[in-house]
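These notes concern the structure reproduced below.
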There are 4 protein chains.
Amino acid sequence: MIHHYSPVHYHVALGSYAPTLYLNDGDTVSTTTVDANGYDAARQIITAEPNPMTGPFFVEDAMPGDTLVVQFDSIVPNRTWGWSRAALSANVVAPEYVRTLPPRELVNWFVDTEKWLARLETPPRGLENFALPLAPMLGCFGVAPSDGQAISTVTSAEHGGNMDWNGFTQGVTAYLPVFARGALFFLGDGHAAQGDGEIGGTGVEISMNVQFTVRVRKNQKINTVRGENAEYIFTVGNARPLDGALQIATTEMHQWLMHEYGLDARGASILMAQCIRYEVGNIFDPAYTMVCKMPKRFLPGK
Amino acid sequence: MIHHYSPVHYHVALGSYAPTLYLNDGDTVSTTTVDANGYDAARQIITAEPNPMTGPFFVEDAMPGDTLVVQFDSIVPNRTWGWSRAALSANVVAPEYVRTLPPRELVNWFVDTEKWLARLETPPRGLENFALPLAPMLGCFGVAPSDGQAISTVTSAEHGGNMDWNGFTQGVTAYLPVFARGALFFLGDGHAAQGDGEIGGTGVEISMNVQFTVRVRKNQKINTVRGENAEYIFTVGNARPLDGALQIATTEMHQWLMHEYGLDARGASILMAQCIRYEVGNIFDPAYTMVCKMPKRFLPGK
Amino acid sequence: MIHHYSPVHYHVALGSYAPTLYLNDGDTVSTTTVDANGYDAARQIITAEPNPMTGPFFVEDAMPGDTLVVQFDSIVPNRTWGWSRAALSANVVAPEYVRTLPPRELVNWFVDTEKWLARLETPPRGLENFALPLAPMLGCFGVAPSDGQAISTVTSAEHGGNMDWNGFTQGVTAYLPVFARGALFFLGDGHAAQGDGEIGGTGVEISMNVQFTVRVRKNQKINTVRGENAEYIFTVGNARPLDGALQIATTEMHQWLMHEYGLDARGASILMAQCIRYEVGNIFDPAYTMVCKMPKRFLPGK
Amino acid sequence: MIHHYSPVHYHVALGSYAPTLYLNDGDTVSTTTVDANGYDAARQIITAEPNPMTGPFFVEDAMPGDTLVVQFDSIVPNRTWGWSRAALSANVVAPEYVRTLPPRELVNWFVDTEKWLARLETPPRGLENFALPLAPMLGCFGVAPSDGQAISTVTSAEHGGNMDWNGFTQGVTAYLPVFARGALFFLGDGHAAQGDGEIGGTGVEISMNVQFTVRVRKNQKINTVRGENAEYIFTVGNARPLDGALQIATTEMHQWLMHEYGLDARGASILMAQCIRYEVGNIFDPAYTMVCKMPKRFLPGK
């Protein structure tokens, strides 16, 4: 079943709030998200920052200890105006170098979903011909966290949240640990494109049309966000410092290979050591994000 | 001019040692490296670990403040025996998870340079059909460091050293800051293949035939290792934690874009924020390694 | 006015929950806390872990942007049974060393509030005569966080929470930033004593009788927890890694010296560089805690 | 035997350089050190920065695997001019806050060894009456490192080096692992006083008269710097990030308690968890320094 849902309010934390829509296993939702500052498709500010979330969506039968499967069917900008920041974030450069960074002012982009390119409205010297291919993604999505917590959309943890990884594009399937009845899925913070690390503190921020499909895997307990795309299965660590995020992601991949692919601790170690690829989600938010990827072609049985 | 050089001794630190060969700008060297434990092409141990280095090569005219350009023309395993470790390193998994790791015993590989694949000699359950494509690389190379220092081949810093990045394959050009007269270039620690992060503490360790060509860029001062391949220019940060390595690499890229590509601090920030890609070198050695890559197609003037 | 309050329920997160008691500026509360696992003065488990909180207390007139002043008048164990863990935490030792750590089993203590000493019930070899002076403290206290968040009592941030600093003893005054109307103060997780860093993951865990007095400083905005004792003013950073916690605490002290003690950025730097003392709160919880202390005798005007 | 040694040259790295003086077990040396920039007692610059070292001193019978014991008998400034920096270091404050830091200009102090106080030559507003008690210390000392390395005096590791801990005052005994024949002891970088963390990047920098006594403990292998003063035994971790330094120091203390005080892994854990005190050495140099202290009164047998 496809639900067409127009949000009427938004949340700036992921928590056990009243559901906006009830979904069954296999249901699809077509909805919209506003940008990180609360601007919608009509460039109107309609809700408060930071990273206002559409949702939460209650998924029937999802219980703590289950896994929520979210397939992102499509993620497409629904306006032509994007914005970003004009300075690298202080925490991505050498400490003394911070003194030389420019101001963090806003920069506007023209986002062309026909040509699938973004261009700077007022390009600085040298970037006059710069055209950025679109690669629309969701910076922030997740479920209600454990213990009745409500956690701000500026950060992330094992429940998801503000991971800002440019790999969360359409066609990707995310796996989320369920901590609350109904899972309570939230989404938002779209970027038309973004470099690794979200090192300017933003991607090309934009509102989106999003379609996604939910499923529940009963009694399949995972410890942090997982996912897959055409080429890779992957795990996501959200923590500081970056090493800590990498440790979480690597540990989760080791467990995944043992529990679902029949390897023992030694075999999973041997395989991972020679085949793993890492990607940097964000190194800007209170928790950083590191993704640990295993090529599907090396998985046992493939 | 091509020099054919057979090493007679090796070094376990990069320092201002007596040169083994004198090179001119543009010279090419064809030589060999032993593996990380000192085993040569004949599987004989001929020198002491860790990571024995071939060299140093003295490059005429290279003076402190210059840049040494090293083009890796070919890096090819010169034997069929490779080895790795059977456990993830303790520092890449969640601290409490370390208790569950298997022993760090040796694992042998058959390295087939005909089929360009490596196979485990005694595959664990589930990896019976696992064949790893070769991607030969050098784990450790660099120049004599500043201030008359001699720094162990187990670690790395702005002079290079044990970076263990799987992107240092043949076809890559590395740029090294010169700290001592003649630069004094060292190389070794070949891997037939390696996952990101060298998370088992080794790649598929092997001895190599290596050919490289040196050039000097006078009065071009850089602050850490740089390089380029067909698609990217890149900078390399060597430090702990991983965030610190990323900061060094990101700062160096920002400076590169300003000094050689005509961008100002603001323009370089805007471009980097949406286009940078990161890769993890090693997260095993005393200094970790992070690589910051900029696609050449987005560079001003391209 | 003194309120005698017996808790009837507890919280495992700090959030904007229904107040248990309404206080006026200057009011004193005499109450009790259970231990980290929910055991009370009678050694009965009466509520769920982790770190169940007494409260929240609503303080009239406290509004976002104000500072809540909490003076800890007395913190005294109300039973003789304490417990701790028998192993160092995995994250306080070198990663490879984790393999050698003993199991994290429970250890019982006899807490003697007459002699003001704690003794191990079953001392291991060499600790037969070991008597630990009591220094009762609260491991976890704080206010409702910003943006309607509810944050687990296992961690800490600018609102306080699980800081586990052994300097939070009776006689100390804490300053907390107010994020929600009424501030909503929580407290619990008493330790009869604790080394720096809470490196075993626990102090000598115990239930407490606590008396505290609240005041409100209107329109005095602070960014993280501050405090003072007889000798020092201090600031508290809660983050990972430990460097990040230190950065928060150091920044807050620099601002405090400028805004309340008349120093400029240069003067505050000069004074701090030669006079600051640091203490490690915990290096066990999801956020670590570092305390930056300035001796009162060096403050301008003293 | 007492040797009176006047240095004729200095080193900016700790390495296996030619000895300046040969000592026997139990010998005492009375010598001088220049300040971090190479200025001597007469305020003349006589050698190049950074942190020029007096030495190395060759200690007869000291062999790799032994421990060198260095007792600091006296450390006293030999001039009245001290200097420091006027800004906090960029790496001790929150990254975005770096933009607000003042310039790192030099500040002069009058160091009064009669009154045992230091005063600013030109005090900023609010510090007119500020008098800093002297607590003279050595910022940098150590032995030749392993594997023939030579490591710059700007950093530190298991061989010692630039630790910048204000606890290294007269009366302290340091234990250093021996890596080279004769140990090759170096010292310098005196501070008349210094806050924790050396957060301005300097203490009150000054030249010193130093007297020390050396001993050798044969076949006693330690892994990093240890020491003791009247109240504590302590271990020193030198690494980044600060957590890593803490892990090294904590691991070394755990081993010390097991190997010399008869505790097992469990007993040493229990004792440490409730009794350890940490101090921050420097958080400015390439490697940070953390000290793990155990009160002697809690040691078995005391």
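Every chain is numbered from 1, with letters handed out A, B, ... down the list of sequences. Everything quoted here is computed from the prediction, not taken from an experiment.
- Side-chain contact annotation: Ser84(D) with Trp109(D), donor-acceptor N/O pair under 3.5 Å present.
- Heavy atoms of Met253(D) lying under 4.5 Å from chain C are absent altogether.
- Judged by distance alone, with hydrogens and angles left aside, the side-chain atoms of Arg104(C) form no donor-acceptor pair with the main-chain N or O of Arg85(C) at under 3.5 Å.
- Only the side chain of Val107(D) comes within contact range of chain C, with at least one heavy atom under 4.5 Å from a heavy atom of that chain.
- Interface remark: Ala193(D) contributes backbone atoms only to the contact with chain C (heavy atom separation under 4.5 Å).
- If you measure heavy-atom distances from Met258(D) to chain C, the contacts under 4.5 Å come from the side chain alone.
- A donor-acceptor contact under 3.5 angstrom links the side chains of Asp196(D) and Asn166(D), judged on distance only.
- Between Trp83(D) and Trp81(D), the ring planes lie tilted relative to each other; the angle falls in the 30° to 60° range.
- With a threshold of 4.5 angstrom between heavy atoms, Glu279(D) does not approach chain C through any atom at all.
- Residue Val280(D) touches chain C through its side chain alone, counting heavy-atom pairs closer than 4.5 Å.
- Within the 4.5 angstrom heavy-atom criterion, no atom of Ser89(D) approaches chain C.
- For Asn129(D), no part lies near chain C; criterion is any non-hydrogen pair under 4.5 Å.
- Only the side chain of Ile283(C) comes within less than 4.5 Å of a heavy atom of chain D; its backbone N, CA, C and O stay farther away.
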